[in-house]
Amino acid sequence: MEPVRPDFVPDPSLSRTEMEALQRSVAADAEFADRLPFDPATVSQTTGPADTTGSAQSTLTGERPMTTAHEPPVVAGIDQSFINDTAISAIVALQDGEVIERTHAVTELSVPYIPGLLSFREGEAIVEAFATLDCEPDLACFDGSGRIHFRQAGLATHMGVVFDLPAIGIAKNLLCGEPRESVDDRAEGWRTPIESTDAVDCPSGTTIGYAYQSRQYDSGNRYINPLYVSPGHRVSAETAVDLVAAFGGGYKLPEPTRLADSYADEVKSSVVDD
DNA sequence: GCGACAG
DNA sequence: ATCTTGTCGC
């Protein structure tokens, strides 16, 4: 698929000031409320077959006509791996728990990693990978932040707006914002809101995402850190974390992202020998 | 000036 | 992100 907003595609040659200005424009167009082509409540927690009762599809939203999605919805996981200054962006598309497509792109990096400007480093590889994707996802899961970002325009938000695709950001570390409660040693399934501080471009105290304990050891003295889930585009913070919880999979990372992660490493290995 | 910072 | 052995637990 191709960008719906070519003018928002992250350009690495921009100055830092221009990059930040673009992020503010992206944030202005981002939607942090549910506008999905499917009913999030119908996403099975077991990644198994969807309900066929026929009455599950909500018809309550009477404003914008809910675009018809695939049944069940197609969910894409996107992740990158690197070899020096070469980036590999991998996309794995799932439907009903089954992989229906895998694709990737290899590009050269031109800017270093700078906290807050990640989309300008990895964005081009991602856009090129999407250009080779045949199916049309109903939801995209990115590795990194969405609204949990200084200008509310993290990687997931930026890419979501560029493709006008419902998107979720799934990060392993917190970029900014503050957990309402301590995230230490939590049980599996636990969650707490991430509230904005004055470092974020929105009223302080706004829920910009959730810390979510996707997995935890049953016993012992070792602990797993939570994931930081935030809205990318067209999803609320609550729905974003509900969806990640519903994807399950038994690992720390939700299945779409986990498969994209391993596929990116797989491609990396195959690129190493040539 | 100090602290903080996704991948 | 990436580089990597050993180690803990089921």
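Per chain, numbering begins at 1; letters A, B, ... match sequence-line order.
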Query raised in the report: Quick one: is A:Lys268 getting a side-chain N or O under 4.0 Å of the C:dC3 phosphate, OP1 or OP2?
Result: yes

Query raised in the report: Does B:dG7 have OP1 or OP2 sitting under 4.0 Å from an N or O in the side chain of A:Asn173?
Result: yes

Query raised in the report: Does the cation-pi check pass for A:Arg222 over A:Tyr217, that is, NZ or CZ under 6.0 Å from the six-membered ring centre and within 45° of its axis?
Result: no

Query raised in the report: Starting at CG of A:Asp265 and ending at P of C:dT4, how long is that distance when rounded to a whole Å?
Result: 14 Å

Query raised in the report: Can you check the A:Ile170 CD1 to B:dG7 C1' distance for me, whole Å?
Result: 14 Å

Query - A:His158 ring center near A:Phe120 ring center (under 6.0 Å) - result: yes

Query - Residue met sooner reading DNA chain C from 5', once A:Asn221 and A:Ile83 are mapped to nucleotides - result: A:Ile83

Report summary line: Nearest-nucleotide check on DNA chain C, A:Asp218 vs A:Asp143; residue mapping nearer the 5' end is A:Asp143

Query raised in the report: In terms of the angle between their ring planes, are A:Tyr263 and A:His104 parallel, tilted or perpendicular, with boundaries placed at 30° and 60°?
Result: perpendicular

Query raised in the report: So, are A:Asp143 and A:Lys172 salt-bridged, with charged N and O less than 4.0 Å apart?
Result: no

Query raised in the report: Do A:Val235 and A:Leu36 have side-chain heavy atoms sitting under 4.5 Å apart?
Result: yes

**Report entry** Pairing string, 5' to 3', for DNA chain C - Watson-Crick or wobble contacts under 3.5 Å, brackets [ ] where pairs cross, | to another strand
**Finding:** ..........

Query raised in the report: Are there more than 12 heavy atoms of other residues, nucleotides or ligands under 6.0 Å from atom CG of A:Asn84?
Result: no

Report task. Using a 4.0 Å heavy-atom cut-off across all strands, classify A:Tyr113 as base, sugar-phosphate, or nothing. Result -> base

